[in-house]
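Data block below; observations after.
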There are 2 protein chains.
Amino acid sequence: MANGVTAEKKAPARGEERANGRARGIDRVIALMEHLHSLRTPTRIADIARDTGTPRSTVYELVNTLVEARWLELRDDDGTVYFGPAMHYYGSDYLDSVDLIRKARLEVAHLAEMSGETSQFCMLEGDKYLVVLNEPGRRMFRISSEIGIKVPIPWTASGRLLVDHLKPEEILSFIPDEDFLLPDGRRIARDEFMHDIRQARENGYVRTTALVDRFTTCLAAPVRDASRQCIATICFVIPADTGEAEQKSMIDLLIASAEKLSVPR
Amino acid sequence: MANGVTAEKKAPARGEERANGRARGIDRVIALMEHLHSLRTPTRIADIARDTGTPRSTVYELVNTLVEARWLELRDDDGTVYFGPAMHYYGSDYLDSVDLIRKARLEVAHLAEMSGETSQFCMLEGDKYLVVLNEPGRRMFRISSEIGIKVPIPWTASGRLLVDHLKPEEILSFIPDEDFLLPDGRRIARDEFMHDIRQARENGYVRTTALVDRFTTCLAAPVRDASRQCIATICFVIPADTGEAEQKSMIDLLIASAEKLSVPR
DNA sequence: ACGGCAAGTCCGATATTTCGGACAACATTC
DNA sequence: GAATGTTGTCCGAAATATCGGACTTGCCGT
């Protein structure tokens with residue numbers, strides 16, 4: 001796309017990988033950062049080199065540069081590296097620059113504070129679901145957030161809202177087959193999934209229990225654009241044994257917040 | 001540092017700039033991102049090229065790569081670029097990985113929600129002050145946050161706490177001379193500054209009014225480490241005409257939060 | 001004390017990336 | 001509608017950044 005000639009000459013599968021081992025520094029850095037994000041833990045340089053297929057001497061060189069720019073930070077004294085403050089600054093600039101997300105931040109913070117439960121704002125990226133904003137509740141039973149981690153759509157409550165503009169056959173071709181397989185080995189029946197979606201659309205919210213995690217219930221409400229397409233969801237992650245009355249009032253809160261974020265009908 | 005030989009051969013002032021125009025892609029990218037952060041607004045590619053001194057063709061090439069990695073995003077249809085979602089994901093990973101900051105997030109969110117006023121968490125970076133966390137209050141009179149933007153220490157309330165472990169002469173040599181000059185042209189007297197610092201240390205908090213902005217008051221309390229050094233501050237940014245009783249209770253809130261974040265005495 | 005392993009540095013060669021400049025496609029001005 | 005400016009693409013050449021591999025240092029267990 002960026003370079004028609006290269007594509008004609010070699011076309012190494014969309015520029016993903018060069019035949020020879022040699023790569024640009026920038027591509028190495030992108031791979032490095034994606035790797036750290038997928039691990040979500042400080043990592044030793046030698047491991048990064050091995051797992052990303054980057055020569056050791058190259059990684060040392062690049063890490064030095066990135067640490068100096070504060071994109072990365074050397075941790076403890078154990079020789080591991082992880083993201084540095086610059087990433088936070090740039091990330092904050094991004095959040096502030098996107099209108100919907102900036103507004104969603106206020107809602108999510110408010111919901112979490114009001115209820116004391118974890119509240120999230122979620123969107124699709126490609127054919128995967130991901131958490132964009134996460135405000136831990138006072139309960140804080142899940143420590144590490146999953147912001148920006150791709151999850152199969154059928155594993156989530158929000159996923160049932162985010163595809164509700166598609167026709168059933170479109171949904172099935174959109175979502176990869178293996179994504180219907182839950183982490184514990186169970187398989188989500190396709191017609192059940194379709195039923196959930198219809199139901200969710202009618203109700204204006206969705207509730208799932210024990211989907212990914214046996215003891216967790218998710219409540220989600222849709223944020224819709226001018227064409228009424230669900231472009232995001234706002235949701236609660238709560239213990240499955242939460243009382244029904246309480247859940248009902250949380251759903252009302254969600255719908256009110258989602259309405260505020262939606263383009264008025 | 002990374003390369004002794006280069007330093008001996010040419011020593012281009014700490015590797016900052018090569019005599020010749022040629023530079024590594026990575027260094028161009030770092031300059032690009034820093035530039036976007038300092039502007040804090042989506043920017044046209046041609047302007048980036050001009051203002052960072054990067055050749056136009058190089059910027060186009062790099063921006064393509066970065067957009068594909070979602071580090072940058074093309075905005076609107078006006079040909080501007082700005083930070084993309086990947087920065088937010090990496091930034092969130094950073095926040096979650098630093099114990100003090102993770103705890104501070106809860107405090108700042110809580111303070112902002114309780115009081116409805118803007119609350120921040122601030123630290124030093126080199127000889128500059130910067131806002132690390134910002135939770136806008138319901139008032140929201142300042143739209144754009146200033147997260148990660150360097151500010152002279154004397155311009156801020158928190159700055160008076162963050163240097164309180166230094167002796168007066170150390171402070172004066174630590175803070176660049178020009179940083180005592182306020183944006184409106186007034187100059188902060190050195191002995192007055194020293195007086196503020198002593199006072200702040202005695203009170204356990206600091207209040208400044210109309211320092212950078214005529215109508216704004218800042219209240220700040222120190223977060224201290226095991227050696228009682230002030231390593232961060234937590235603060236409110238409020239209208240200067242806020243009632244004294246209200247301010248007093250906000251100060252109490254701040255001190256309580258700061259205490260929670262500090263290493264117990 | 002010794003051998004084996006991991007962390008980190010250094011250096012020269014060459015495959016590759018950056019760069020300048022030409023060019024095409026539009027937009028804007030007079 | 002001609003002149004001028006802006007945005008983006010393309011290409012070859014030359015400067016250099018990446019890479020492999022050798023080397024040092026420190027740690028560990030035996």
Side-chain angles (χ1 to χ4, degrees), chain A residues 1-12 15-33 42-69 72-82, chain B residues 1-12 15-33 42-69 72-82:
Chain A
M1 186 180 298
N3 189 343
V5 174
T6 314
E8 284 157 29
K9 273 204 300 191
K10 292 194 155 191
E16 276 169 14
E17 223 167 324
R18 201 167 305 284
N20 182 313
R22 196 127 181 195
R24 290 199 301 178
I26 246 293
D27 292 329
R28 295 300 196 187
V29 169
I30 290 170
L32 191 163
M33 303 296 259
T43 304
R44 286 178 308 154
I45 295 178
D47 292 340
I48 295 171
R50 176 169 27 75
D51 298 338
T52 61
T54 306
R56 246 158 38 87
S57 56
T58 303
V59 179
Y60 276 106
E61 160 69 30
L62 293 175
V63 166
N64 278 337
T65 303
L66 297 176
V67 166
E68 206 166 330
L72 295 181
E73 233 175 39
L74 293 167
R75 290 304 168 93
D76 313 312
D77 305 292
D78 61 355
T80 63
V81 288
Y82 202 53
Chain B
M1 189 179 302
N3 189 339
V5 173
T6 314
E8 283 158 28
K9 273 205 299 193
K10 292 196 153 190
E16 276 169 15
E17 225 168 322
R18 201 167 305 283
N20 182 316
R22 196 128 180 193
R24 290 198 301 178
I26 252 289
D27 292 329
R28 295 300 196 187
V29 170
I30 290 170
L32 191 164
M33 303 296 260
T43 304
R44 286 177 309 154
I45 295 179
D47 293 340
I48 295 172
R50 177 170 25 75
D51 297 338
T52 61
T54 307
R56 246 160 37 86
S57 56
T58 303
V59 179
Y60 276 104
E61 160 69 30
L62 293 174
V63 166
N64 279 337
T65 303
L66 297 175
V67 166
E68 207 166 328
L72 296 181
E73 233 176 38
L74 293 167
R75 289 304 165 92
D76 312 313
D77 305 293
D78 61 355
T80 63
V81 289
Y82 202 54

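Fair warning: this is a prediction, and the values are worked out from it, not measured in the lab. Naming convention: chains lettered A, B, ... in sequence-line order (proteins, then strands); numbering from 1 in each chain.
Judged by distance alone, with hydrogens and angles left aside, A:R24 brings no side-chain donor or acceptor close enough to the base of C:dT16 to form a pair under 3.5 Å. Side-chain atoms of A:R22 and base atoms of C:dT16 include no donor and acceptor less than 3.5 Å apart.
Two residues are said to be in side-chain contact when any heavy atoms from C-beta on lie closer than 4.5 Å; A:I48 and A:T54 fail this criterion. Looking only at side-chain heavy atoms (C-beta outward), A:P42 and A:E73 stay at 4.5 Å or farther from each other. With contacts defined as side-chain heavy-atom distances shorter than 4.5 Å, the pair A:V63/A:L32 qualifies. Side chains of B:M33 and B:L72 form a contact here, defined as non-hydrogen atoms less than 4.5 Å apart.
By the 4.0 Å N-to-carboxylate-O rule, B:R24 lies close enough to A:E61 to be salt-bridged with it.
Across the protein-nucleic acid pair, A:Y60 atom OH and D:dG21 atom P stand 17 Å apart, rounded to whole Å. Atom CG in A:L66 sits roughly 15 Å away from atom P in D:dA17 (whole-Å rounding). Atom pair A:D78:CG and C:dA6:P shows a separation of 16 Å (rounding to whole Å applied). Residue B:R44 contributes atom CZ, which lies 9 Å from atom C1' of D:dT7 at whole-angstrom precision. We find that CG of B:L62 is positioned 13 Å from P of D:dT9, with the value rounded to whole Å. A straight line from CD1 of B:I30 to P of C:dT18 spans 13 Å, rounded to a whole angstrom. When the P atom of D:dT16 is taken as reference, atom CD1 of B:I26 falls 18 Å away, rounded to whole Å. Rounded to an integer number of Å, the gap from CZ of B:R28 to C1' of C:dT17 is 12 Å.
Checking C:dG20, D:dC19, D:dG8 against the side-chain heavy atoms of A:P55 singles out D:dC19 as nearest. Distances from the side chain of B:S57 to the nucleotides C:dC10, D:dG8, C:dG21 place C:dG21 closest.
Heavy atoms only, all atoms of each residue included: A:T52 and A:R28 are closest at O-NH1, 4.4 Å.
Note that the CD atom of B:E68 and the OG1 atom of B:T65 stand 7.0 Å from one another [nearest 0.5 Å].
DNA chain C is contacted by both B:R56 and A:I45; A:I45 maps to the nucleotide lying nearer its 5′ end (nearest heavy atom per residue).
Using five terminal pairs a side, the axes of the helix from C:dA1-D:dT30 to C:dC30-D:dG1 at its two ends make an angle of 50°, given in steps of 10 degrees.
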